[in-house]
2 protein chains.
Amino acid sequence: MATRLSALAHEGRLTIFRLLVRAGPTGLAAGDIARQLEILPNTLSANLNVLSHAGLLASHRQGRSIIYAADFGAMRDLIGFLVEDCCDGAPEICAPLGDVLARVACCVPSTANLEPAR
Amino acid sequence: MATRLSALAHEGRLTIFRLLVRAGPTGLAAGDIARQLEILPNTLSANLNVLSHAGLLASHRQGRSIIYAADFGAMRDLIGFLVEDCCDGAPEICAPLGDVLARVACCVPSTANLEPAR
DNA sequence: TCCATAATTCCACGATAATAGAACTATATG
DNA sequence: CATATAGTTCTATTATCGTGGAATTATGGA
């Protein structure tokens with residue numbers, strides 16, 4: 001988990017990851033990322049490698065391009081780790097997270113038993 | 001936020017922070033931390049400094065000891081940042097978090113029923 | 001085959017981080 | 001005041017990270 005945190009603890013890589021999360025499961029070609037964020041291709045490649053090695057990205061070749069996509073499961077696990085690790089004895093930390101989840105309106109529970117009240 | 005992530009992206013510091021979260025708002029003296037985790041005092045001091053500088057710890061002197069305590073608000077903000085940043089367009093990531101929150105049983109909304117699990 | 005494009009890998013350099021020994025500051029106590 | 005304890009700061013050393021230029025691999029098209 002430290003490796004995963006470390007991968008995100010870098011302004012540039014955090015930006016890359018955010019872009020890829022927004023791009024969705026389809027992902028983006030390395031070149032597109034480089035263009036949008038104005039990063040040198042070799043620097044980008046190094047950072048994509050760090051993120052991939054941390055399990056945060058998946059990639060596959062498509063023609064001449066290599067498509068990178070955020071691994072949603074890995075990110076969920078990371079956040080879950082932080083939440084469980086912190087909540088274990090500290091309700092002050094994760095109690096307000098229910099509000100956050102409600103605010104982003106992305107987690108209306110089908111299986112979860114959180115009240116979508118509001 | 002990258003600074004905060006970076007502070008936690010270190011095995012030793014993550015362990016220190018976890019210990020302090022479990023210690024609760026009371027916190028622990030630096031010496032106690034050093035003893036429990038078997039870290040050299042100067043190394044510990046350096047790492048406590050990194051965590052403090054990232055806003056994750058608060059400290060105050062008490063007699064000869066210096067008491068460190070986890071800043072719950074900072075941690076909540078960090079997790080909130082990750083959740084909102086990721087959920088923005090990616091329900092796959094934070095939808096399951098409702099389950100996580102329910103599992104740790106620390107974030108039951110004030111309106112819902114409180115289950116004394118564990 | 002030849003060329004252009006896409007991306008990576010190699011390599012070198014400077015910057016930053018991690019650790020540990022030694023010295024230092026602050027507090028308490030006799 | 002002398003001494004012991006608690007932490008920090010100083011300093012040096014080593015390791016790792018981040019970046020960019022140049023060369024390399026892989027693919028597609030004329």
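Convention: sequence-line order gives letters A, B, ...; per-chain numbering from 1.
Evaluation of the side-chain hydrogen bond (donor to acceptor under 3.5 Å, both in side chains) rule for R18(B) yields D85(A) as partners, not counting sequence neighbours. Scanning for side-chain contact (heavy atoms from CB on, under 4.5 Å) contacts around P25(B) gives E92(A), F72(B), with sequence neighbours left out. Legend: residues meeting side-chain contact (heavy atoms from CB on, under 4.5 Å) with E84(B), ordered by chain and number and at least two apart, are V100(A), R103(A), V104(A).
H60(A) places its NE2 atom 14 Å from the P atom of dT27(D), with the value rounded to the nearest Å. Rounding to whole angstrom units, CG of residue L44(B) and P of dT9(D) are separated by 12 Å. What separates CD1 of I67(A) from C1' of dA6(C) is a distance of 11 Å, to the nearest Å. Put simply, NE2 on H53(B) is 12 Å from P on dT9(D), counting in whole angstrom units.
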Strictly under 3.5 Å: I want the nitrogen or oxygen pairs between protein and nucleotides 16-19 of chain C, one per line.
| residue | atom | partner | partner atom | Å |
| --- | --- | --- | --- | --- |
| dA18(C) | OP1 | R13(B) | NH2 | 3.2 |
| dA18(C) | OP2 | R13(B) | NH1 | 3.2 |

With the criterion being N/O to N/O and under 3.5 Å, what pairs connect the protein with nucleotides 3-7 of chain D, and how long is each?
| residue | atom | partner | partner atom | Å |
| --- | --- | --- | --- | --- |
| dG7(D) | OP1 | A30(B) | N | 3.2 |
| dG7(D) | OP1 | G31(B) | N | 2.9 |
| dG7(D) | OP2 | G31(B) | N | 2.7 |

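Here the CZ atom belonging to R35(B) is positioned 5.0 Å from the CG atom belonging to D32(B), to the nearest 0.5 angstrom. Distance CG/L8(B) to CE/M75(B): 5.5 Å, rounded to 0.5 Å.
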Side-chain donor-acceptor distances from residues 43-67 of chain B under 3.5 Å, at least two apart:
| residue | atom | partner | partner atom | Å |
| --- | --- | --- | --- | --- |
| N47(B) | OD1 | R13(B) | NH1 | 3.2 |
| S52(B) | OG | L48(B) | O | 2.9 |
| R61(B) | NE | G63(B) | O | 3.3 |

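One hydrophobic cluster holds both F81(B) and V21(B) under the rule that ILVMFWY side chains link at heavy-atom gaps under 4.5 Å.
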